Undergrad: 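This is the structure, below, for whatever I ask next.
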Amino acid sequence: QAQLVESGGGLVQPGGSLRLSCVASENTIRDRTVNWYRQAPGKERDLVASITAGGRVHYAGFAEGRFAISRDNAKDTVYLQMSSLKPEDTAIYYCFNSKLGWGQGTQVTVSS
């Protein structure tokens with residue numbers, strides 16, 4: 001069964017960078033918008049960034065200028081490059097696609 005799988009999370013110091021990957025099996029996302037969301041403990045799941053099939057991008061205010069979403073359709077992968085990370089960026093990061101739904105998430109922890 002086709003699914004989304006996130007990876008690339010981890011522990012990073014404030015000011016550091018991480019690149020998250022969202023891989024889809026079975027060539028299922030290259031013609032669809034893919035979104036990155038995040039959910040911190042006790043908070044709602046918030047949209048971080050999205051990218052359309054044509055490559056148009058949108059960012060939440062907190063991500064603008066620090067995060068960059070991109071896609072490699074040949075690899076059925078969407079990336080989220082995160083820079084200048086802050087402790088408040090700590091959350092589980094999920095990717096979402098209207099055909100496949102949610103991935104299982106990847107934990108990002110920003111702490112010294």
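Sequential numbering from 1 along the given sequence is applied to the chain's residues. A quick note: this is a predicted structure, and the numbers were derived from the prediction, not measured.
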Undergrad: Within a 6.0 Å radius of atom CD on Glu44, are there more than 12 heavy atoms belonging to other residues, nucleotides or ligands?
TA: no
Undergrad: Would a 4.5 Å heavy-atom cut-off, applied to side chains only, mark Gln81 and Ser70 as touching?
TA: no
Undergrad: Looking only at heavy atoms, what is the nearest atom pair of Cys22 and Leu4, with distance?
TA: SG-CD2, 3.9 Å
Undergrad: For residues Ser17 and Val12, determine if any side-chain heavy atom of one lies less than 4.5 Å from a side-chain heavy atom of the other.
TA: no
Undergrad: Out of curiosity, does Tyr94 fall in the hydrophobic cluster containing Ile51 (side-chain heavy atoms, cut-off under 4.5 Å, transitive links)?
TA: no
Undergrad: How many angstroms lie between atom CD of Gln107 and atom OG1 of Thr90, to the nearest 0.5 angstrom?
TA: 7.0 Å
Undergrad: Enter the distance from Asn35:CG to Arg45:CZ here, rounded to the nearest 0.5 Å.
TA: 12.0 Å
Undergrad: Give, for atom SG of Cys95 and atom CD of Glu6, the distance between the pair rounded to the nearest 0.5 Å.
TA: 4.0 Å
Undergrad: Using the rule that two of Ile, Leu, Val, Met, Phe, Trp, Tyr join whenever any of their side-chain heavy atoms come within less than 4.5 Å, decide whether Phe62 and Trp36 are in one cluster.
TA: yes
Undergrad: So does Thr52 get a backbone contact from the side chain of Arg71, meaning a donor-acceptor N/O pair under 3.5 Å?
TA: yes
Undergrad: Using the six-membered ring wherever Trp is involved, compare the ring planes of Phe96 and Trp102 and label them parallel, tilted or perpendicular (cut-offs 30° and 60°).
TA: tilted
Undergrad: Verify the cluster assignment for Leu100 and Ile69: are they in a single hydrophobic cluster under the rule of side-chain heavy atoms below 4.5 Å apart?
TA: yes
Undergrad: Calculate, to the nearest 0.5 Å, the distance between atoms CG and OG1 belonging to Leu20 and Thr77 respectively.
TA: 12.5 Å
Undergrad: Atom OH in Tyr59, atom CG in Leu80: separation rounded to 0.5 Å?
TA: 7.5 Å
Undergrad: What is the minimum heavy-atom distance between Arg32 and Asn97, and which atoms define it?
TA: CB-ND2, 3.3 Å
Undergrad: Please tell me whether Leu85 and Val48 are part of a single hydrophobic cluster in this structure, the criterion being side-chain heavy atoms less than 4.5 Å apart.
TA: yes
Undergrad: According to a 4.5 Å side-chain heavy-atom criterion applied to Ile, Leu, Val, Met, Phe, Trp and Tyr, with indirect links allowed, do Tyr79 and Val108 form part of one hydrophobic cluster?
TA: no
Undergrad: Among Asp46, Asp89, Thr106, which one satisfies side-chain hydrogen bond (donor to acceptor under 3.5 Å, both in side chains) with Arg38?
TA: Asp89
Undergrad: If you look at every heavy atom in Pro14 and Ser111, which pair is closest and at what distance?
TA: CD-C, 3.6 Å
